[in-house]
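Residue numbers begin at 1 in each chain, while the letters A, B, ... track the order of the sequences.
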Protein chains: 2
Amino acid sequence: MPDEIDRILIVALMEDSRLSLKALAGLSGLSSPSVAERLRRLEERGILTGYTVNVDPKAFGYMLQAIVRVRPLPGQMRAIERHIQSIPEFTECDKVTGEDCFVARLSVRSMEQLDAILDKLSDRAETNTSIVKASPVKRRLPPLSIVRS
Amino acid sequence: MPDEIDRILIVALMEDSRLSLKALAGLSGLSSPSVAERLRRLEERGILTGYTVNVDPKAFGYMLQAIVRVRPLPGQMRAIERHIQSIPEFTECDKVTGEDCFVARLSVRSMEQLDAILDKLSDRAETNTSIVKASPVKRRLPPLSIVRS
DNA sequence: CTTGAAAAAGGAAGTTC
DNA sequence: GAACTTCCTTTTTCAAG
């Protein structure tokens, strides 16, 4: 279980993953070699799973985002799953309970491209598509309080 | 518009945002001061919008993820939007076209917590909740080819 | 955008608690 | 086992071209 210092490091990195070890040391009250060791262990334990950047998709011409619920026809579930994985415009996909099997997010350059991608699914699944108009909550972490067990 | 070198830098940072300027210089064929200046400008232009980490929510006791479609009752849309924003367990929320007004992602520690959070919405909205069983596509970027205009 | 020097940060080793 | 200090190497930053 991560402790309070781990939590401080993770919250700080969530806001700026390029912070130097020295800066993280200052925030946490440790020395920088200790911070390096903490991060190594958090990665090893699978708690910190990656360091990444947020990019504005519009800068690369992706003017539309859509959320697509996908309900594969009988026997098509695995095929649909692989199909979605193979189309890079699907930027996120979850397998869920309920009538829909998958909820996926799609970034496309145009309505025409959206239509083309959904068309290819139509043989093997029913889809229900919603265009994203705004994103009132951008991706964030839930409260990372330490759980005592 | 970002050029080919910007694209190389962004794709590299997407995979590892802690790469040193020197490493980025090697990948892009520039010197490290030039890379630093490029990144500064990409941030300034709103193309690179943040450096962050991926964290396993389970490490902090968030054992369940759900996707909730929310359909506010008449006149309740703004109130619901603010309500969702104010609950930190909602880790993502999009405003979409179609019957549902919002599609939100929720990280919770237990079924009881999920129920409690959804209960608070029930006065002012209809909700439709799906539990996430797996995530066949983890958050990724669409293809970042350069668009010629 | 590059080079080159000064300043800062990172990494390895050995020590202490 | 975890963290600290020291010393040395690498990286970043800044000035100048």
Subject >> Residue whose closest nucleotide on DNA chain D lies nearer the 5' end, A:Ser31 versus A:Arg18 >> reply: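 Looking at the nearest nucleotide for each, A:Ser31 comes out on the 5' side.
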Original post:
Between B:Leu21 and A:Arg38, who's closer to the 5' end of DNA chain D by nearest nucleotide?
Top reply: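 Residue closer to the 5' terminus by nearest nucleotide: A:Arg38.
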Subject >> Of the listed nucleotides D:dT13, D:dT12, D:dC4, the one nearest the side chain of B:Lys22 >> reply: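 Selected nucleotide: D:dT12.
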Original post:
Do any N or O atoms from the side chain of A:Thr97 and from the backbone of B:Ile131 form a donor-acceptor pair under 3.5 angstrom?
Top reply: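 Judged by distance alone, yes, a pair lies under 3.5 Å.
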**OP:** Salt-bridge test for A:Arg139 and A:Glu92: reply yes if a basic N is under 4.0 Å from a carboxylate O, no otherwise.
**Re:**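 No, no charged N to carboxylate O under 4.0 Å.
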Subject >> Contact summary for B:Phe60 and B:Val55, nearest pair of heavy atoms >> reply: CE1-CG1, 4.0 Å
Original post:
If you take all heavy atoms of B:Leu13 and B:Tyr51, which pair is closest and at what distance?
Top reply: CD1-CE2, 4.2 Å
Subject >> Covered region of DNA chain C, 5' end to 3' end, by chain A [heavy atoms, under 4.0 Å] >> reply: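 Nucleotide range with atoms under 4.0 Å of chain A: C:dA9 to C:dA12.
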**OP:** May I ask you to check whether over 12 heavy atoms, not counting those of B:Glu43, lie within 6.0 Å of atom CD?
**Re:**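 Yes, CD of B:Glu43 has more than 12 neighbouring heavy atoms, counting only those of other groups under 6.0 Å.
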Original post:
Between atom CG in B:Leu30 and atom P in D:dT12, what is the gap in whole Å?
Top reply: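 Between P of D:dT12 and CG of B:Leu30: 14 Å.
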**OP:** Provide, to the nearest angstrom, the distance between the CD atom belonging to A:Glu44 and the P atom belonging to D:dA2.
**Re:** 10 Å
**OP:** Using a 4.0 Å heavy-atom cut-off across all strands, classify A:Arg41 as base, sugar-phosphate, or nothing.
**Re:**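 Sugar-phosphate contact only - A:Arg41 comes under 4.0 Å of backbone atoms but never of a base.
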Original post:
Should A:Ser107 and A:Thr91 be marked as a side-chain hydrogen bond (donor to acceptor under 3.5 Å, both in side chains) after you check the CA-CA gap, both sets of side-chain angles, and the distance that decides it?
Top reply: CA-CA 7 Å; A:Ser107 272; A:Thr91 58; 4.6 Å; no
